[in-house]
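Model, not experiment: these values are computed from the prediction. Side chains included, hydrogens not; waters and symmetry mates left out as well; all remaining heavy atoms used.
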Amino acid sequence: MLMLCREKKIPIRKASIGPITKKDVLEAESNYEQDPLHAIILGFNVPETSSTEKVKILTSQIIYTLLDDYEKWHVEAKKALEAKKLDKYTRPCKIQVLRNCIFRESNPCIVGVEIQGGTLKIGTPLMKNGKHLSTVKSMQEDKESVQQAGKGKQLAVSIPNVMAGRQIKEGDVLYSAMSELDFVELKKNAKYLAKDEIEVLKEIAQVYREENPVWGI
């Protein structure tokens with residue numbers, strides 16, 4: 001197995017015989033902060049062991065299956081890490097204020113919305129017609145607090161410093177408010193965005209370009 005791993009250029013920190021132990025998992029965890037792609041244990045012809053929050057554990061009775069599983073995991077894990085880097089930017093999101101769902105007019109304004117694209121998170125800045133409105137303070141779905149929600153979800157959102165009937169009205173379409181830097185970086189990394197996020201990103205650019213034709217170019 002060691003020879004096959006070296007042929008495939010799979011880095012190995014430690015090799016041993018026998019079942020995977022708690023000590024093995026703890027040692028693998030120590031790699032996580034430095035490089036999550038190295039926080040993995042491969043077990044050939046050993047009892048199956050569950051992965052932990054930080055350590056991926058792959059086992060198989062067939063060595064080639066094990067190596068194939070590793071390569072598939074490595075590709076997906078690397079892609080996920082790259083995508084996570086985009087979390088520091090404001091992600092594209094489009095919501096519509098539902099009719100007959102104004103629960104509080106102000107202090108803070110609480111309205112029912114439907115997410116039409118992207119993901120809405122607590123802290124997402126919102127804009128209407130290219131003008132910044134406020135930031136999502138909290139969200140509830142079926143009376144349960146949530147941190148984020150995706151396309152198709154209907155939920156109540158708390159938006160401070162705006163008043164329903166003035167800045168926000170029933171039927172309004174709101175987008176996440178983003179800087180040109182955020183837009184440019186997300187556009188460059190569009191392969192890590194969902195299809196609906198890409199569509200919303202295009203719509204956001206169109207909104208901002210009504211005021212500034214070269215926005216994000």
Applying salt bridge (charged side-chain N to carboxylate O under 4.0 Å, His left out) to E105 and R166, what does each step give before you reach the verdict?
CA-CA 9 Å; E105 292 186 349; R166 292 187 181 179; over 6 Å; no
Are more than 12 heavy atoms, taken from residues, nucleotides or ligands other than N107, located less than 6.0 Å from that residue's CG atom?
no
Ignoring hydrogens, what is the shortest heavy-atom contact between S51 and V55? Give both atom names and the distance.
CB-O, 3.3 Å
Non-hydrogen atoms of P160 and K137 that approach each other most closely
CD-CB, 3.8 Å
Using a 6.0 Å cut-off, check whether atom CD of Q147 has over 12 heavy atoms from anything other than its own residue.
no
Is there a donor-acceptor contact under 3.5 Å from the side chain of D142 to the main chain of E144?
no
Cluster check I41, W73: I/L/V/M/F/W/Y, side chain < 4.5 angstrom:
no
Apply side-chain contact (heavy atoms from CB on, under 4.5 Å) to V75 and K79, showing your working.
CA-CA 6 Å; V75 169; K79 184 177 179 180; 5.6 Å; no
Can you give me every donor-acceptor pair (side chain of residues 9-21, partner residue at least two apart or in another chain, under 3.5 Å) with its distance?
residue: R13; atom: NH1; partner: E27; partner atom: O; Å: 3.1
residue: R13; atom: NH1; partner: S30; partner atom: OG; Å: 3.0
residue: R13; atom: NH1; partner: N31; partner atom: OD1; Å: 2.8
residue: K14; atom: NZ; partner: D24; partner atom: OD1; Å: 3.3
residue: K14; atom: NZ; partner: E27; partner atom: OE1; Å: 3.2
residue: T21; atom: OG1; partner: K23; partner atom: N; Å: 3.4
residue: T21; atom: OG1; partner: D24; partner atom: N; Å: 3.2
residue: T21; atom: OG1; partner: D24; partner atom: OD2; Å: 3.1

Side-chain donor-acceptor contacts of residues 183-193 below 3.5 Å, not counting sequence neighbours, with atom names and distances?
residue: E185; atom: OE2; partner: K188; partner atom: NZ; Å: 3.2
residue: N189; atom: ND2; partner: E185; partner atom: O; Å: 2.8

Please tabulate, one pair per line, all N/O donor-acceptor pairs under 3.5 Å involving side-chain atoms of residues 120-131, not counting sequence neighbours.
residue: T124; atom: OG1; partner: K121; partner atom: N; Å: 3.1
residue: T124; atom: OG1; partner: K121; partner atom: O; Å: 2.8
residue: K128; atom: NZ; partner: Q167; partner atom: O; Å: 3.2
residue: K128; atom: NZ; partner: D172; partner atom: OD2; Å: 2.7

Output side-chain donor-acceptor pairs under 3.5 Å for residues 152-159, partner residues at least two apart or in another chain, one line each.
residue: K153; atom: NZ; partner: E141; partner atom: OE2; Å: 3.3
residue: Q154; atom: NE2; partner: E114; partner atom: OE1; Å: 2.7

Distance-only donor-acceptor pairs under 3.5 Å for side chains of residues 56-68, two or more places apart:
residue: S60; atom: OG; partner: I62; partner atom: N; Å: 3.0
residue: S60; atom: OG; partner: I62; partner atom: O; Å: 3.2

Do the non-hydrogen side-chain atoms of I40 and H74 ever get within less than 4.5 Å of each other?
no
A side-chain contact here means heavy atoms from C-beta on lying under 4.5 Å apart; do I204 and Y208 qualify?
yes
Is V113 reachable from L133 through a run of hydrophobic residues whose side-chain heavy atoms are each under 4.5 Å from the next?
yes
Can you tell me how far apart CG (L201) and CG (D196) are? Round to the nearest 0.5 Å.
11.5 Å
Using a 3.5 Å cut-off and no angle test, enumerate the donor-acceptor pairs between side-chain atoms of residues 80-103 and protein atoms at least two apart in sequence or in another chain.
residue: E82; atom: OE2; partner: K85; partner atom: NZ; Å: 3.3
residue: D87; atom: OD1; partner: R91; partner atom: NH1; Å: 3.2
residue: T90; atom: OG1; partner: D182; partner atom: OD2; Å: 3.3
residue: R91; atom: NE; partner: E197; partner atom: OE2; Å: 3.2
residue: R91; atom: NH2; partner: E197; partner atom: OE1; Å: 3.2
residue: R91; atom: NH2; partner: E197; partner atom: OE2; Å: 3.3
residue: K94; atom: NZ; partner: E203; partner atom: OE1; Å: 3.0
residue: Q96; atom: OE1; partner: Q116; partner atom: NE2; Å: 2.8
residue: Q96; atom: NE2; partner: G171; partner atom: O; Å: 3.1

Same hydrophobic cluster for V111 and M139, using side-chain heavy-atom links shorter than 4.5 Å among ILVMFWY?
yes
Between L26 and Y32, is there a shared hydrophobic cluster once you connect ILVMFWY residues whose side-chain heavy atoms come closer than 4.5 Å?
no
Does W215 offer a backbone N or O that forms a donor-acceptor pair with the side chain of R209 under 3.5 Å?
yes
Q140 versus S145, closest heavy-atom pair with distance:
NE2-OG, 3.9 Å
